[in-house]
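Order of the sequence lines sets the chain letters (A, B, ...), proteins ahead of strands, with each chain counted from 1.
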Amino acid sequence: MTFISLLQQKLQAALLDLALELPEGFTVQVTASQDTNFGDYQANTAMVLAKRLKMNPRELAGQIIEAIDIDGLAECEIAGPGFINFRLTPKAWSHKVEAILSDDRLGVEAVSSVRNIVVDFSSPNVAKPMHVGHIRSTIIGDTLSRVARFLGHNVIADNHIGDWGTQFGKVIYGWKNLLDEAALKEKPLAELLRLYKSVHDSTKADEALEQLCRDELVKLQQGDEENLKIWKICVELSREGLQKIYDRLDIKFDYSLGESYYNQQLAGTVDSLVEAGLARESEGAICAFSGGQLADKKDPFRINRDGEWQDIPMIIRKKDGAFNYATTDLATVDHRLKEWKADEMLYVVDARQASHFKQLFDITERRGLDVKMEHIAFGTINGKDGTPLKTREGDLPQLEDILSDAVAAAAEVLEEKSGHLPAEEKAALAEAIGIGSVKFTELSHHRASDYIFDLDKMVALQGDTAPYLQYSYVRVKSIFKKLEQLPDFNALAVEVTEPAEVQLIRMISRYGEVIPAVMDGYKPNTLASYLIELARSFHSFFEACPVLKSEGTVQETRLALCEATSRVLEHGLGLLGIQAPKRM
RNA sequence: GCUCCUAUAGCUCAGCUGGAUAGAGCAACGGAUUUCUAAUCCGUAGGUCACAGGUUCGAAUCCUGUUGGGAGUACCA
């Protein structure tokens, strides 16, 4: 049990003893103290309660402290306007070290109610290689999947690949008219991209061409043999290319059901919405409109134009008969509910699609489907000038190139610092550090904000970076390497005394509090910054408390702390999808 | 126009379901290495939390307004 829940229990019991009339739904809150001068944990219960019960907060805090039974666990005192501060005893810390070492879950409790959570992330388009824009969804989605799974949920990671949308009409048109067979053999993905871009550029000034592309899409969706054949080849080629990157990133999906997977259901989906009265014909298209329950301002189907509120429908069948992503998304919801019994669906998708998801969620609710849906929105990755990242040619940088750049930068530093290591190991390390850097940079930012992509800073070895964490792990491990024999970690005598030791176990013990908090608001950066703090505490401990030169209980305590640190570090990095090397 | 996101140290960013003296990294300055990997640690300096009101014991955090930045806004995803 985490210290927070333990202290909350104790507080709750004390309140019960005092026989106070608690307001309905009142729960006690305990938080880690920001400043250790105030102790380890604090509760504002007395202040909150005093206000509601019209009592004096400090007086109430005094009563609570009298009633609370935490002998041996913590000392507590009243402070300031009525805070109750808890300072854990050395014994409590020592027990915690032992508890963590004997616990596979490192103090993280599994959830009591397991939910089926679908995480929809990455979602690249075929025929277009992944670019910088896919970093965020792919990495955030992967981490959230890992964390939810570790918490005990039944996670279904689904890569909703864009293989059926309008862009495909352009690819098919290009294939039929501009295909360079030799180039296709040589570099298939580059050729597909060239076809798409070439046609896409031409359509900007050519309305007739745009129409031809739309026609190709309609033919495809209606089962035209030639178009289907082209489509199949493109999808296969693209998937191979995508898989290579996912392998490199160590990211796995349970399913990669592309938009095309739902093709057979699309017509039925539209029909059922029409039958349910949720959609109707408008300007030749079939659209879903507002349910009318919300105020215009809050209604995702309403928009104000020049002072007038108008409908902004969700189009589920275009006037040319083709379906679009809205239709597919609706069908996908049905599939996930029916086949996977989803309790929750998380869409890790760019913030720019917020209004689309609001509409989708609103419709789903109006259809009477019971499922929690969340749009895990994120911002843009910008270049150093603060505008969206672009290559010199003005294109979006490809993900593969970004990874290679990061790995190359890591290799350079590695050569300088650890030139003596075998070439093969250096290559693997560069990969781990380079990829880890990209991932950590992503995960250490709040997902909603934009951030600046600075390769040099990412791979830099100082500061809040992946290599800093990885180096911390290497440092712990180096201690054990010097031991002739590893101790039995469950049989160590642990007596935490030194401030640096206390600070370290304080951080270690917080792991069980941090992991559930990640899913609370779906913020991986909570875990990222926790790991930095943990690593920092470890480095301080490492400098202040010699392990191998100490003896007896002191040494056993420190070995136990080191082991616990290494386990939490490795595990936490694992949840972020980052490797923890044994040496570097 | 309307909706959503956003504004915190010179730079890059945390902190936001209200809590005590607003944190970290980089850059700057000073120190630590015959000692478990110095890719480290310890310290100094650096702030009108965009601005103005409000809510209350208490606001970077919640509410209202203003300003700056970004995004979306009928058949693209």
Partner nucleotide of B/A52 by Watson-Crick or wobble geometry (both distances under 3.5 Å): B/U64
Sugar-phosphate only, base, or nothing, as touched by A/Ala285 at under 4.0 Å among non-hydrogen atoms: base
C1' atoms of B/C4 and B/C57, separation to the nearest Å: 35 Å
Pairwise P distance, B/G58 and B/G19 [rounded to whole Å]: 14 Å
Between B/A71 (P) and A/Asp350 (CG): distance, integer Å: 11 Å
Mate of B/U44 where both pairing distances stay under 3.5 Å, Watson-Crick or G-U: B/A28
Sugar-phosphate only, base, or nothing, as touched by A/Asn56 at under 4.0 Å among non-hydrogen atoms: nothing
Nearest to side-chain heavy atoms of A/Lys358, which nucleotide of B/U40, B/G15, B/C4: B/C4
Under-4.0 Å side-chain N/O to phosphate OP1/OP2 contact, A/Lys482 with B/U37: yes
Closest to side chain of A/Glu283, choosing from B/G72, B/A74, B/A14: B/A74
Who pairs with B/G19 - Watson-Crick or G-U, where each distance is under 3.5 Å: B/C57
P-based separation of B/G47 from B/G70 [nearest Å]: 28 Å
Sugar-phosphate, base or nothing in reach of A/Arg558, heavy atoms under 4.0 Å: nothing
Selected nucleotide, minimal atom distance to A/Phe38 side chain, candidates B/G15, B/A20, B/C41: B/A20
Proximity to the side chain of A/Pro81 - top-ranked nucleotide from B/C57, B/A39, B/C13: B/C57
Touch class at under 4.0 angstrom, heavy-atom based, for A/Glu259 against every strand present: sugar-phosphate
Sugar-phosphate, base or nothing in reach of A/Lys51, heavy atoms under 4.0 Å: base
Sugar-phosphate only, base, or nothing, as touched by A/Ala79 at under 4.0 Å among non-hydrogen atoms: base
salt_bridge(A/Arg87, A/Asp40) N-O dist < 4.0 Å: no
Sugar-phosphate, base or nothing in reach of A/Arg536, heavy atoms under 4.0 Å: sugar-phosphate
Any N/O donor-acceptor pair, A/Tyr471 side-chain to B/A39 base, under 3.5 Å: no
A/Arg317 side chain near A/Thr327 side chain, heavy-atom distance below 4.5 Å: no
Counterpart base for B/A71, defined by Watson-Crick or G-U wobble contacts under 3.5 Å: B/U3
Position toward the 5' end of RNA chain B (nearest nucleotide), A/Tyr451 or A/Leu414: A/Tyr451
Parallel, tilted or perpendicular, as decided by the 30° and 60° cut-offs, for the rings of A/Trp231 and A/Trp164: perpendicular
N/O donor-acceptor pair, side chain A/Ser418 with base B/A39, under 3.5 angstrom: yes
Distance, C1' atom - from B/A74 to B/A14, rounded to whole angstrom: 40 Å
Touch class at under 4.0 angstrom, heavy-atom based, for A/Arg352 against every strand present: sugar-phosphate
Carboxylate-amine/guanidinium proximity below 4.0 Å for A/Asp464 and A/Arg536: yes
Among B/U40, B/U73, B/A77, the one nearest A/Gln167 by side-chain distance: B/A77
Nearest listed nucleotide, side chain of A/Ile303, among B/U37, B/U73, B/A20: B/U73
d(CG, A/Asp329; C1', B/A77) in whole Å: 9 Å
Distance, rounded to the nearest Å, where A/Asn44 contributes CG and B/A59 contributes P: 15 Å
Sugar-phosphate only, base, or nothing, as touched by A/Lys319 at under 4.0 Å among non-hydrogen atoms: base
Sugar-phosphate, base or nothing in reach of A/Cys287, heavy atoms under 4.0 Å: base
Length of the line joining A/Glu77:CD and B/A20:P, which is rounded to integer Å: 16 Å
B/A71 and B/G30, which share atom name P, separated by this distance in whole Å: 44 Å
Phosphate-side-chain proximity, A/Tyr468 and B/C41, N/O vs OP1/OP2 below 4.0 Å: yes
Side-chain ion pair, A/Glu283 and A/Lys319, N-O less than 4.0 Å: no
Nearest-Å distance once atom C1' is located in both B/A38 and B/C16: 37 Å
Whole-Å gap separating P (B/A77) and NE2 (A/His131): 14 Å
N/O (side chain, A/Gln34) to phosphate O (OP1/OP2, B/A20) under 4.0 Å: yes
Distance in angstrom units between A/Lys477 NZ and B/U40 P, rounded: 20 Å
Closest nucleotide among B/A20, B/U37, B/U73 to the A/Asn85 side chain: B/A20
Sugar-phosphate only, base, or nothing, as touched by A/Met314 at under 4.0 Å among non-hydrogen atoms: nothing
Whole-angstrom distance between B/A7 and B/C63, as gauged at atom P: 14 Å
Atom-pair distance (NE2 on A/His420; P on B/U37), nearest Å: 11 Å
Among B/U3, B/A14, B/G25, the one nearest A/Lys297 by side-chain distance: B/U3
Any A/Lys417 side-chain nitrogen or oxygen under 4.0 Å from OP1 or OP2 of B/A38: no
cation_pi(A/Arg475, A/Phe538) dist<6.0 Å, angle<=45: no
Minimum-distance nucleotide (side-chain atoms of A/Phe289 versus B/A74, B/U37, B/A24): B/A74
Aromatic ring proximity, centroids under 6.0 angstrom, A/Tyr325 and A/His356: yes
Shortest side-chain distance from A/Gln42, nucleotide among B/C36, B/G19, B/A39: B/G19
Toward the 5' end of RNA chain B, by each residue's nearest nucleotide, A/Ile479 or A/Ser529: A/Ser529
Residue A/Glu498 excluded, over 12 heavy atoms near CD under 6.0 Å: yes
Base of B/A20 and ring of A/Phe83 stacked, centres under 5.5 Å, planes under 30°: yes
Pair A/His445 + A/Tyr451: ring centers closer than 6.0 Å: yes
Sugar-phosphate only, base, or nothing, as touched by A/Lys128 at under 4.0 Å among non-hydrogen atoms: nothing
Sugar-phosphate only, base, or nothing, as touched by A/His356 at under 4.0 Å among non-hydrogen atoms: nothing
Sugar-phosphate, base or nothing in reach of A/Ser282, heavy atoms under 4.0 Å: base
Salt-bridge criterion met for A/Glu425 and A/Arg583 (N-O under 4.0 Å): yes
A/Tyr173 OH - B/C76 C1' separation (whole Å): 20 Å
Phosphate-side-chain proximity, A/Ser550 and B/C36, N/O vs OP1/OP2 below 4.0 Å: no
